[in-house]
Amino acid sequence: MNERDSEIMGQILSSHGYVECNDMESADLVILNTCTIRAKAEQKVMSLLGALRKIKTQRPGMKICVAGCVAQQEGDHLIQRMPHVDLVLGTQNIYDLGTYIARTTETGRPVIATGMSKAFQIPAFLPTDREAIGSTGDLHPFRRFVTIMQGCDNYCSYCVVPYTRGREISRSAQDIVAEVRKFVDQGVKEITLLGQNVNSYGRKPNGTARPCSFPELLHQVAEIRGLHRLRFTTSHPKDLSNELIGCFRDIAILCPQFHLPVQSGSDAVLKRMNRHYTVADYLERVEALFACRPDLALTTDIIVGFPGETDEDFALTMDLLERVRFHGSFSFKYSDRPGVRSCNFDGKISEQVKSERLAIFQRRQDEISLERNGAYVGSRQEIMIESTGDSGFQGRTGTNHIVHVDQHTDLGPGDLLEVEIYHAGQHSLKGRFHPKH
Ligand code: 5AD
Ligand code: SF4
């Protein structure tokens with residue numbers, strides 16, 4: 001979501017005459033678009049702001065903006081800690097970036113724009129032609145994100161998102177379809193629909209929009225001619241409907257990839273996390289998914305060391321890993337976030353135990369990923385090419401695996417090609433294709 005927000009800010013800036021440059025030293029404006037989901041993400045922002053302070057001492061005219069969740073969370077505290085920051089831009093305020101930058105110039109003082117409203121509506125934001133050229137950083141011109149909703153009402157006890165992104169709000173299907181269509185007209189081949197919990201899309205529609213469920217939205221987007229691949233993230237297991245699972249059977253361009261964060265394999269921990277499902281519920285949903293789409297690649301998120309997590313609880317998480325054998329996972333040490341309920345929970349786990357549990361989990365996950373990847377060896381997979389070089393090229397399968405090919409091709413980024421997989425590593429595959437003569 002931050003990547004998409006950064007694109008939008010880039011688009012606003014280019015309409016104000018800004019051009020992108022490659023280094024912070026020569027920039028007139030630096031925006032840090034920030035994340036505060038875990039303590040580590042926030043620490044990175046603070047150390048980068050420290051480095052920027054030095055640059056700004058040499059070039060006092062430079063402006064520094066902190067946008068996103070750290071900005072939302074810290075507000076004017078950020079200016080107190082980092083007086084060299086010119087603009088603190090909250091998550092609902094990025095669309096008015098141009099106005100706020102102008103205000104910093106007019107007033108010569110730091111501006112704090114972190115207001116949030118229950119009535120907030122995500123504006124219709126059509127990509128401009130310039131954006132489609134792929135001028136914004138590392139973005140692939142053929143693969144883009146589209147935000148379908150913002151905020152979250154789930155209040156998992158460890159999570160800061162409901163506070164930094166605000167109440168859940170869905171965009172109208174009409175706006176979303178228009179945005180995707182515009183991207184596709186400009187040559188985009190793959191779209192990932194984004195929301196904190198896409199399964200509840202449409203429950204709280206933007207303004208007067210006609211209610212539309214997430215599966216209905218997927219069908220509408222999939223009908224856009226010229227779109228080759230469709231993905232989405234993220235889903236909450238408690239809301240995963242049979243209708244959505246059925247989309248993996250019925251929508252040909254919906255990629256066989258699914259991210260379904262489970263967080264823990266212990267019912268007691270899940271309850272304290274306020275997740276509203278049990279391990280048995282989760283396993284039942286996973287079974288239904290694989291029954292519908294046997295070639296699905298399933299990934300998850302895990303938190304280790306949640307307050308009160310016993311050795312037995314952690315062993316249950318390891319059991320779950322053995323039962324599901326996730327294709328991959330993102331695993332994190334629990335960290336306290338400001339204002340969330342779990343900050344006040346008893347039984348905080350030491351850093352050392354958290355690190356040990358994380359290492360055990362990740363070691364086993366790596367082995368499983370390698371075994372899972374090994375199952376692709378000998379199969380034929382359609383890949384979308386991402387980048388080409390002198391000695392070969394790189395693409396991605398529908399299951400979201402990176403494939404390296406060390407043969408020359410005349411095809412380019414965004415083109416589809418069938419390859420045969422001949423080698424599997426932990427994080428990527430190797431493939432070859434048979435050139436047509
Ligand atoms: N500590 C550790 N991990 C967290 N996540 C969210 N909040 C925390 C926290 N306080 C993880 C969850 C979530 C992912 C995006 O980040 O696993 O799914
Ligand atoms: Fe955070 Fe996701 Fe829970 Fe929402 S559903 S509170 S974003 S972990």
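Remember, it's 1-based here, ligands and their atoms both numbered in the order they're listed. Everything numeric in this text was worked out from a predicted model, so none of it was measured.
Contact check on E74 versus R81 returns a salt bridge, with a Lys/Arg side-chain nitrogen under 4.0 Å from an Asp/Glu carboxylate oxygen. Of the charged side-chain nitrogens involved, none lies within less than 4.0 Å of a carboxylate oxygen, so that D301 and R38 do not count as a salt-bridged pair. Salt bridge annotation for D336-K348: present, with a cationic side-chain nitrogen under 4.0 angstrom from a carboxylate oxygen. Classification of D295 and R293 as a salt-bridged pair holds, one side-chain N sitting under 4.0 Å from a carboxylate O. A salt bridge is defined here as a Lys NZ or Arg NE, NH1 or NH2 lying under 4.0 Å from an Asp or Glu carboxylate O, and D281 with R275 fails to meet this definition. Salt bridge absent: E179 and K182 never bring a charged side-chain N and a carboxylate O closer than 4.0 Å.
Heavy-atom contacts of H236 reach the following atoms of ligand 2: 5 (S) (cutoff under 4.0 Å). Residue R275 has at least one heavy-atom neighbour below 4.0 Å for each of these atoms of ligand 2: 3 (Fe), 8 (S).
Atom CG of L13 sits about 12.0 Å away from atom CD1 of I8, to the nearest 0.5 Å.
Under the 4.0 Å distance rule, the nearest protein heavy atom to atom 2 (Fe) of ligand 2 falls outside the cut-off.
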Distance-only donor-acceptor hits, side chain of residues 92-100, under 3.5 Å, sequence neighbours excluded:
{"unit_1": "Q92", "atom_1": "OE1", "unit_2": "S117", "atom_2": "N", "d": "3.0"}
{"unit_1": "N93", "atom_1": "ND2", "unit_2": "G115", "atom_2": "O", "d": "3.4"}

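Residues with a heavy atom under 4.0 Å from ligand 1: I37, R38, Y158, Q263, D301, I303, F332, K333, Y334, S335, R337.
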Using side chain to side chain donor-acceptor pair (under 3.5 Å), reason through E309 and Y334 one step at a time and then give a plain yes or no.
CA-CA 10 Å; E309 186 188 67; Y334 168 80; over 6 Å; no
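For atom 1 (Fe) of ligand 2, protein N, O or S atoms under 2.8 Å: 1 in total.
Ring pair F330/H259 is perpendicular by interplanar angle, where above 60° counts as perpendicular and below 30° as parallel.
Residues passing the side-chain hydrogen bond (donor to acceptor under 3.5 Å, both in side chains) test with E223, sequence neighbours excluded: none.
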